[in-house]
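In what follows, chains carry the letters A, B, and so on, assigned in the order in which the sequence lines appear, proteins first and then strands, with residues in each chain numbered from 1. Here the structure is a predicted model, which is why all the values come from computation and not from measurement.
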Amino acid sequence: MTDESTSAKRSDSDEHATDVHEAAPGSVDKGVVDRPEPDQKPEPPAATWLPDAITTFASIVLALLVGAVLIALSDEAAVESLGYVFSYPQDFFYFAGQAIWDSYSSLVSGSVGSIDAIGITLVRAAPLICAGLGVTLAFRAGLFNIGAQGQLVVGALFAGYVGFTWDLPPGLHLVAAILAGMIGGALWGATAGFLKARTGAHEVITTIMLNYLATRFLLIYLLSKDAFQRPGSDNAQSPRPADSARFPEIGNVHLGVLVAIAAAIVVWWLIERSTFGFELRAVGANADAARTAGMSPARVYTMAMLLAGLLAGLAATMNVLGKGDSLSPGVAGSIGFDAITVALLGRATPLGTVLAGLLFGALSVGGTAMQASAGTPKELGDVLQALIVLFVAAPALVRGIIRLRAQGGGATVMAKGWGS
Amino acid sequence: MIDTGTGTGPEVRSPADVQRQWKLVGLFAVVALALVWFWIDIDDPTVGYLLDNARGEDPREINAHVVVVGSLVVTVIALALAAVNRIPSGWPTVVASLAVGLAFLLGFLVWNYADQSGTGFAMVNPLPGTVKFAVPLVFGALAGCLCERAGVINIAIEGQFLMGAFWAAVVASLLSSAELGLFGGMLAGVGMGALLAVFAMRYLVNQVVLGVVLIALATGLTAFLLSQIPGDPEIRARLNNPMTLGPVPDADIPLLSPLAGALSGIPVIGPTLFDQTLLAYLMYVSVIFVAFLIFQTRWGLRVRSVGEHPKAADTVGLKVNRLRWQAVLLGGVFAGLGGAYFTVGSNGAFTNDMSAGNGFIALAAVIMGRWHPVYASLAALFFGLMTTLSSQLEFLGKVPSSFLTALPYLATIIAVAGLVGRVRPPAADGEPYVKS
């Protein structure tokens, strides 16, 4: 009964095979139509991106408004004036407005206010974009890759090791280190894909466990070994990668940023134009139908996770070979988890992922600036990120608030339930 | 691929059955080899063990070789049965796998504790620690089961844990009572559940996305709120300095005290089950409660039906989304209790990210346990056991401690890939339902 109902439903969404991400919940099932809106009329198909763009923009504004409330509540002067808000309301609005203005102006100036700031933002965004592309790619195959973090860690280990132990001429060394990083990530990603393909082990469990294996075991274990230990240091820290293995820099921007953009173009081509991409989307839309059509979901799962890991490994090289970070327990930060949100905000498309990565890079850089110059807690940046994605993912809510008439599908990100 | 020629005659067997047989043979053979190696490797087979670590008795002694050989015999018998295909699928396979697993565990344990005579390490009952580590995982798994049986994917257990932990700490500090802190945790869990429900059902947000976002939101919000608690120690003490739950004395268990008193006298098992905090007792009750609720009550039948086929449920007049709301909110209660474990249940004050990925492990337990509250709890206990072992064996030096850190994760991957395999979630899991 499951097979029948799912295949009936999915054959529906097959028609949207080219833009799978629009096969959102609500428009998927025959019997389940979009929330009825009284003035819903068939709109001309032109400019389908416009309502999406407006909703996304409105979501960001809404998130900033909620953030403004939090800023006002975290400002001491404003909170104090709340005590007598009924006798002197202007005081509260003055202090709150002051705090909000200070915070947001330093957020903007810290992230995009100067050439230097833009550079830092780009550098911060590059690994998010790469790892986000990996999550996106897996998404399109119907796989939920939580494992970017582990794949990043293994990629960083490989890239770092080649970076500080091998002795090669400059250009070659960099290429070798990048390849090593991608291979490391790919190995880790492919493990989850292989297990899914061979045994049916759910990728959500295996990628979670592989994350822990990488961050809590492999990284810690290797950093305690002589091969990875920085001479003369007692901390769990490796040597820095050699200069010959570093991305060249222009100003404060390393060329890894261009690599990230190139990766986005390659991933776009891979998903939208290549034969493999067609198989990927077909399996993602309906694995049973794809199998009937002669494709091998098992192979697609393995390959998709391998490529996802490869991209996460590439992301790892951004910090190690770009910023010259040494390997340490915190080498991957939370990039792997942020990458999931970036991919979701980017609606599982390469272009969207790039834009979302840039936005998150800016928010994270701006958040630090906000704390430094306006004293607003840095954690607010994380809250803003989450709110933005939440609003973007709920177009019905945003449209309700800004009273935009429903146009197009009101799509959220694709990603089926648990798949099977 | 038809017949492996193992003496069962020429009948045609399905490839899946053949594959299952090979898997069992391979797995058992590996265990047998490991046990043989343990046997050879043990020089001094005297192992001291303590049945009851709390009561300060002297360790007794056991011969490790006897244990390893006994385990080996069990494994070889199972291996032989598997090789001639005498283990049918279904419960015999489960029993055989469990027996071999237990045999391996015993062999591994005594191997670790053998050759330690000079240092005087005695084997300690790992079960109390198992229950302790499993408490939040079981609660999280129950939350996951409730939500997903009703057809709402809950990836946000980690987020519910964080909020539960934070508010449990704050409420417990404000009211200076760890027990009342539990209510704070529950309320926070229900609040997160309400967010999950409103965005999943009213605004039709993709539930996988929603879960990830809610975790990010909870992580950010708790960190933000924590940074808002001023550094002034006096204020901090009022807001984030909760007492922790102590072990519940036998006599304090309402109604059950004579029974519990008798039960806690049982060696090995007694202290495991009954020298725990209030949360552990709540956990036992909750598992039984949720299992009963889902499988024995009319409400549970309805919840399962909206998770499997909401349209059919709607057709017979059930309020699909109302039932889903109820299930998600009730799940929030348990997730919040699980979160409270991290503050009032063990460590006291809230620190950033203190649930440390346990929500994800609870999620893994839900899937491993096939969306069944009891099996999911067993999976959580399995994880608790692995965690306990890795911390106990760390000091023995037989296995490098970093490998032991990997044990729970590795064991989960092997269990999921080798034994659980393909699982079938509730059919409508993750699909919002809008009446047409």
- Item | Which atoms of B/A200 approach chain A - backbone, side chain, both or neither, heavy atom under 4.5 Å |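 No part of it gets close to chain A.
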- Where on B/F224 is there a heavy atom nearer than 4.5 Å to chain A: the side chain, the backbone, both, or neither?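 The answer is both parts of B/F224.
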Nearest 0.5 Å, what's the [atom1]-[atom2] distance between [X] and [Y]?
{"X": "B/T412", "Y": "A/I208", "atom1": "OG1", "atom2": "CD1", "result": "10.0 Å"}
{"X": "A/I205", "Y": "B/I413", "atom1": "CD1", "atom2": "CD1", "result": "10.0 Å"}
{"X": "A/I146", "Y": "B/F360", "atom1": "CD1", "atom2": "CZ", "result": "5.5 Å"}
{"X": "B/S227", "Y": "A/Q371", "atom1": "OG", "atom2": "CD", "result": "8.5 Å"}
{"X": "A/L222", "Y": "B/S402", "atom1": "CG", "atom2": "OG", "result": "9.0 Å"}
{"X": "A/L210", "Y": "B/L410", "atom1": "CG", "atom2": "CG", "result": "9.0 Å"}

Side-chain polar contacts of residues 334-342 of chain A - donor-acceptor pairs under 3.5 angstrom, sequence neighbours left out - could you list them?
residue : atom : partner : partner atom : Å
A/S334  : OG   : A/D338  : OD2          : 3.2
A/T341  : OG1  : A/F337  : O            : 3.3
A/T341  : OG1  : A/D338  : O            : 3.2

- Message: Within the supplied structure, the quantity of interest is the number of heavy atoms (other residues, nucleotides, ligands) at a distance under 6.0 Å from A/K378 NZ; does it exceed 12?
- Response: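 Not buried by this count: 12 neighbours or fewer within 6.0 Å.
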- Message: Heavy-atom count check: over 12 atoms from other residues, nucleotides or ligands less than 6.0 Å from A/F217 CZ?
- Response: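 More than 12 within 6.0 Å, yes.
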What heavy-atom pair brings [X] and [Y] nearest, and what distance separates the two atoms?
{"X": "B/N358", "Y": "A/Y212", "value": "N-OH, 4.3 Å"}
{"X": "B/G220", "Y": "A/E379", "value": "O-CB, 4.0 Å"}
{"X": "B/V205", "Y": "A/A394", "value": "CG2-CB, 3.4 Å"}

- Task: Answer with side chain, backbone, both or neither: which region of A/L390 has an atom nearer than 4.5 Å to a non-hydrogen atom of chain B?
- Result: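 Its backbone and side chain both get close to chain B.
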- Which portion of A/L218 sits near chain B, non-hydrogen atoms under 4.5 angstrom: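 Interface part for A/L218: neither.
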- Query: Taking every heavy-atom pair that is under 4.5 Å apart, which of A/L384, A/L213, A/L195, A/V389 has the most such pairs with chain B?
  - Reply: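 It is A/L213.
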- Message: What verdict does the side chain to side chain contact (heavy atoms under 4.5 Å, CB included) test give for A/L387 and B/V213, after you've listed the backbone C-alpha separation in whole Å, the side-chain angles of each residue and the deciding distance to 0.1 Å?
- Response: CA-CA 8 Å; A/L387 286 173; B/V213 176; over 6 Å; no
Within the 4.5 Å heavy-atom criterion, are [X] and [Y] side-chain neighbours or not?
{"X": "B/L217", "Y": "A/D382", "value": "no"}
{"X": "B/I361", "Y": "A/M209", "value": "yes"}
{"X": "B/T405", "Y": "A/I220", "value": "no"}

